[in-house]
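Presented below is the structure to which this report refers.
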Amino acid sequence: MTTDIVLVTGANGHVGSHSVARLLDEGYRVRVAVRHPEQVRADSRIEAVTVDLSSDDNWDKAVDGVRYVWHHASPFPFTPPENEDELIVPAGTGRCACSPPHARPASSGWS
């Protein structure tokens, strides 16, 4: 097991949940940044931090000590937005908020 912490945003979604499972299998410590931490599967190797893409709250806590970030979070509206920026801006804002200065892009080696 490595001491590196990987922050996964959108961990309750389809892609994010598979990413968390793979990272745990590879021995990483995983912190998930989610809106609904009660929906995160119970596992002592997962730490959940409550965040929202539209708010700056808790992002400092989410990125503290993180080595890598896997950003999957994006708004998922039930109806098509009137303006595409309703999806693009929050996803990009979250990407910026979850990128600590010392984090490096993770190369998964997945093919």
Side-chain angles (χ1 to χ4, degrees):
M1 180 162 187
T2 178
T3 59
D4 290 338
I5 301 171
V6 180
L7 174 67
V8 179
T9 68
N12 286 338
H14 181 74
V15 174
S17 64
H18 285 277
S19 295
V20 169
R22 180 69 182 256
L23 288 163
L24 291 173
D25 286 347
E26 292 184 8
Y28 285 93
R29 294 173 52 202
V30 177
R31 181 174 301 145
V32 297
V34 293
R35 287 179 294 173
H36 304 289
E38 68 279 1
Q39 296 176 354
V40 175
R41 75 175 179 165
D43 189 311
S44 62
R45 300 169 297 168
I46 300 173
E47 175 190 357
V49 176
T50 304
V51 298
D52 188 307
L53 292 176
S54 63
S55 170
D56 290 335
D57 295 345
N58 281 346
W59 284 106
D60 287 345
K61 181 178 178 182
V63 300
D64 185 42
V66 165
R67 177 95 183 235
Y68 304 107
V69 175
W70 285 15
H71 178 53
H72 302 299
S74 185
F76 192 82
F78 292 105
T79 59
E82 291 184 24
N83 182 327
E84 66 184 18
D85 284 344
E86 291 176 40
L87 299 176
I88 295 169
V89 171
T93 301
R95 179 184 55 77
C96 294
C98 70
S99 299
H102 61 279
R104 295 182 282 175
S107 172
S108 66
W110 297 2
S111 52

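As a basis for the values below, the full set of heavy atoms in this structure was taken, side chains included, without hydrogen atoms, waters or symmetry mates. Predicted, not measured: the structure shown is a model, and the values here were computed from it.
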inquiry  = If you define the side chain from C-beta out and look only at heavy atoms, does anything of Tyr68 sit under 4.5 Å from Leu23?
reply    =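 Result no, sub-4.5 Å side-chain heavy-atom pair not found.
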
inquiry  = Just so I know, are the side chains of Val30 and Trp70 near enough to count as touching, which here means a heavy-atom distance under 4.5 Å?
reply    =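 Of all side-chain heavy-atom pairs linking Trp70 with Val30, none is under 4.5 Å.
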
To the closest 0.5 Å, what do you measure between [atom1] ([X]) and [atom2] ([Y])?
{"X": "Leu24", "Y": "Arg45", "atom1": "CG", "atom2": "CZ", "result": "4.5 Å"}
{"X": "His36", "Y": "Thr50", "atom1": "NE2", "atom2": "OG1", "result": "9.5 Å"}
{"X": "Glu47", "Y": "Leu7", "atom1": "CD", "atom2": "CG", "result": "9.5 Å"}
{"X": "Asp64", "Y": "Ile5", "atom1": "CG", "atom2": "CD1", "result": "7.5 Å"}

Quick one: closest heavy-atom pair of [X] and [Y], and the distance?
{"X": "Lys61", "Y": "Arg31", "result": "O-NH1, 3.5 Å"}
{"X": "Val40", "Y": "Ala48", "result": "CG2-CB, 4.3 Å"}
{"X": "Ala62", "Y": "Val51", "result": "CB-CG1, 4.2 Å"}
{"X": "Asp4", "Y": "Tyr28", "result": "O-CD2, 3.9 Å"}

